[in-house]
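The basis for the numbers below is simple: all heavy atoms, side chains too, and nothing from hydrogens, waters or symmetry mates.
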Amino acid sequence: MPTLSLRGLTEQTYEGLRQLAISNHRSMHEQMRLLIEREVRYAQVGGVERARRWRSLLAGRHFPDLAADIQANRSR
């Protein structure tokens, strides 16, 4: 499995990453890997094209306000 060493982080970035890892109950290594994988996945053309296709398929459709429906149902 490939390995990546990351140098040149500012103290602020390092501390922010550390706090993010703590709040997500992850190690710093796990948090960095997740962030990098997520960014790569979002940057891939396939995901963007899929999102555009869904937007065009759903364009002009009316979707009910589910929160209003739930509130109306509870007040019956």
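- Contact between A21 and S27 at its shortest, heavy atoms only, is CB-O, 3.8 Å.
- Every residue two or more places apart in sequence or in another chain was checked for a side-chain contact (heavy atoms from CB on, under 4.5 Å) with S75, and none qualifies.
- Residues satisfying the salt bridge (Lys or Arg N to Asp or Glu O under 4.0 Å) test with R74, not counting sequence neighbours, are none.
- Partners of T10 under the side-chain hydrogen bond (donor to acceptor under 3.5 Å, both in side chains) rule, at least two apart in sequence or in another chain, are T13.
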Quiz: residues 58-72 side-chain donor-acceptor pairs under 3.5 angstrom, not counting sequence neighbours:
residue	atom	partner	partner atom	Å
D65	OD1	A67	N	3.3

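- In this structure, Y14 is a member of the same hydrophobic cluster as L35, with clusters built from ILVMFWY side-chain heavy atoms closer than 4.5 Å.
- Applying the salt bridge (charged side-chain N to carboxylate O under 4.0 Å, His left out) test to pairs two or more places apart or on separate chains, those with a residue in residues 13-35 are E15-R18, R33-E37.
- For R52, the side-chain hydrogen bond (donor to acceptor under 3.5 Å, both in side chains) criterion is met by E49, not counting sequence neighbours.
- Grouped with V40 in one hydrophobic cluster are L4, I36, the linkage being side-chain heavy-atom contacts under 4.5 Å among Ile, Leu, Val, Met, Phe, Trp and Tyr residues.
- Here the CG atom belonging to N24 is positioned 4.5 Å from the CD atom belonging to Q31, to the nearest 0.5 angstrom.
- Cluster membership check: M28 shares its hydrophobic cluster with L20, using side-chain heavy-atom separations under 4.5 Å among Ile, Leu, Val, Met, Phe, Trp and Tyr.
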